[in-house]
**Student:** 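Sending over a structure as structure tokens; questions will come in a sec.
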Amino acid sequence: MAPPSIASLDQNELVLYTSTFSKTVVPAMRIGWIVGPHQIIRIMAQAKQATDLHTNSISQHALVHLLEDFDLDAHIQLIRETYYERMIVMKELLDSVKIEGLSYIEPKGGMFFWVTLPEYINTTKLLNEAVKAGVAYVPGAPFYVSNPEQNTMRLNFTNSKPELIQTGMERLVHILESTQMNV
């Protein structure tokens, strides 16, 4: 059982809780919400209005209709099952890679594997080669506040079917093995 959220424990209106529909409804729909002290939300709304006036009205209307006329709970269950199946495919592929020093964190939810590679592999520098081979990942360095580890990457398993995950992982492993041989 998951522990309660910090927001649910807040007795003094000190916590801001934010969330979004982008991972559950439509990945490109950047509409979310915030719950918290009125005074802080008012200041945040003013800051947002100073930068972009408002969120796209068409997207907001589409979301309202979707939430009124669509079984969101059933949709979330479907994507959870689909994402889990795809996560298992990528996990099995990662388990089969024979590169000394490769490790990963198995996701307990979400959409990504966090992968650590041998220190001699710089994922930022390697990205162009990967893209040329038809596979992409997100280098891990930008996720660090300080002292970024250049040998880390984030792999998404949610937006590709299992056979495409297989192909992408084969391409990525080939590139990593080629890097290993050139050291």
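We count residues from 1, following the sequence as given.
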**Student:** Using the side chain to side chain contact (heavy atoms under 4.5 Å, CB included) criterion, which residues pair with Asn159? Sequence neighbours excluded.
**Tutor:**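 Per chain and number, Asn159 pairs via side chain to side chain contact (heavy atoms under 4.5 Å, CB included) with Asn156.
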
**Student:** I want to check a possible cation-pi pair here: Arg154 against Phe112, using under 6.0 Å from ring centre and within 45° of the ring axis as the test.
**Tutor:**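 The answer is yes, since Arg154 meets both limits relative to Phe112.
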
**Student:** Using the side chain to side chain contact (heavy atoms under 4.5 Å, CB included) criterion, which residues pair with Ala136? Sequence neighbours excluded.
**Tutor:**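 Residues passing side chain to side chain contact (heavy atoms under 4.5 Å, CB included) with Ala136: Val131.
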
**Student:** Return yes if some donor-acceptor pair links the side-chain N/O of Tyr83 with the main-chain N/O of Gly110 below 3.5 Å, else return no.
**Tutor:**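 No, because the side chain of Tyr83 does not come within donor-acceptor range (under 3.5 Å) of the backbone of Gly110.
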
**Student:** Are the side chain of Asn151 and the backbone of Asn122 linked by a donor-acceptor contact shorter than 3.5 Å?
**Tutor:**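 Here the side-chain-to-backbone pair does not exist.
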
**Student:** More than 12 foreign heavy atoms under 6.0 Å from CD of Glu119: is that the case here?
**Tutor:**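 Atom CD in Glu119 is not packed in, count stays at 12 or less.
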
**Student:** Could you give the distance from CD1 (Ile34) to CD1 (Ile40), rounded to the nearest 0.5 Å?
**Tutor:**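 That separation rounds to 8.5 Å.
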
**Student:** Please collect all side-chain hydrogen bond (donor to acceptor under 3.5 Å, both in side chains) contacts where either partner lies in residues 23-41, sequence neighbours excluded, each pair once.
**Tutor:**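 Counting only pairs at least two positions apart or across chains, the side-chain hydrogen bond (donor to acceptor under 3.5 Å, both in side chains) contacts touching residues 23-41 are Ser22-Arg30.
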
**Student:** Sequence neighbours excluded, which residues qualify as salt bridge (Lys or Arg N to Asp or Glu O under 4.0 Å) partners of Asp95?
**Tutor:**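 Here the qualifying residues are Lys91.
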
**Student:** Return the NE2 to OG1 distance between His174 and Thr179, rounded to the nearest 0.5 Å.
**Tutor:**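 Going from NE2 on His174 over to OG1 on Thr179, the span is 9.5 Å.
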
**Student:** What residues, two or more places apart in sequence or in another chain, satisfy salt bridge (Lys or Arg N to Asp or Glu O under 4.0 Å) together with Lys48?
**Tutor:**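 Salt bridge (Lys or Arg N to Asp or Glu O under 4.0 Å) list for Lys48, sorted by chain: Asp52.
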
**Student:** Kindly indicate whether the side chain of Leu117, heavy atoms from C-beta on, has any atom under 4.5 Å from the side chain of Thr152.
**Tutor:**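 SC-SC contact between Leu117 and Thr152 ruled out.
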
**Student:** Of all residues at least two apart in sequence or in a different chain, which pass the side-chain hydrogen bond (donor to acceptor under 3.5 Å, both in side chains) check with Glu106?
**Tutor:**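 Partners of Glu106 by the side-chain hydrogen bond (donor to acceptor under 3.5 Å, both in side chains) criterion come out as none, since no residue qualifies.
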
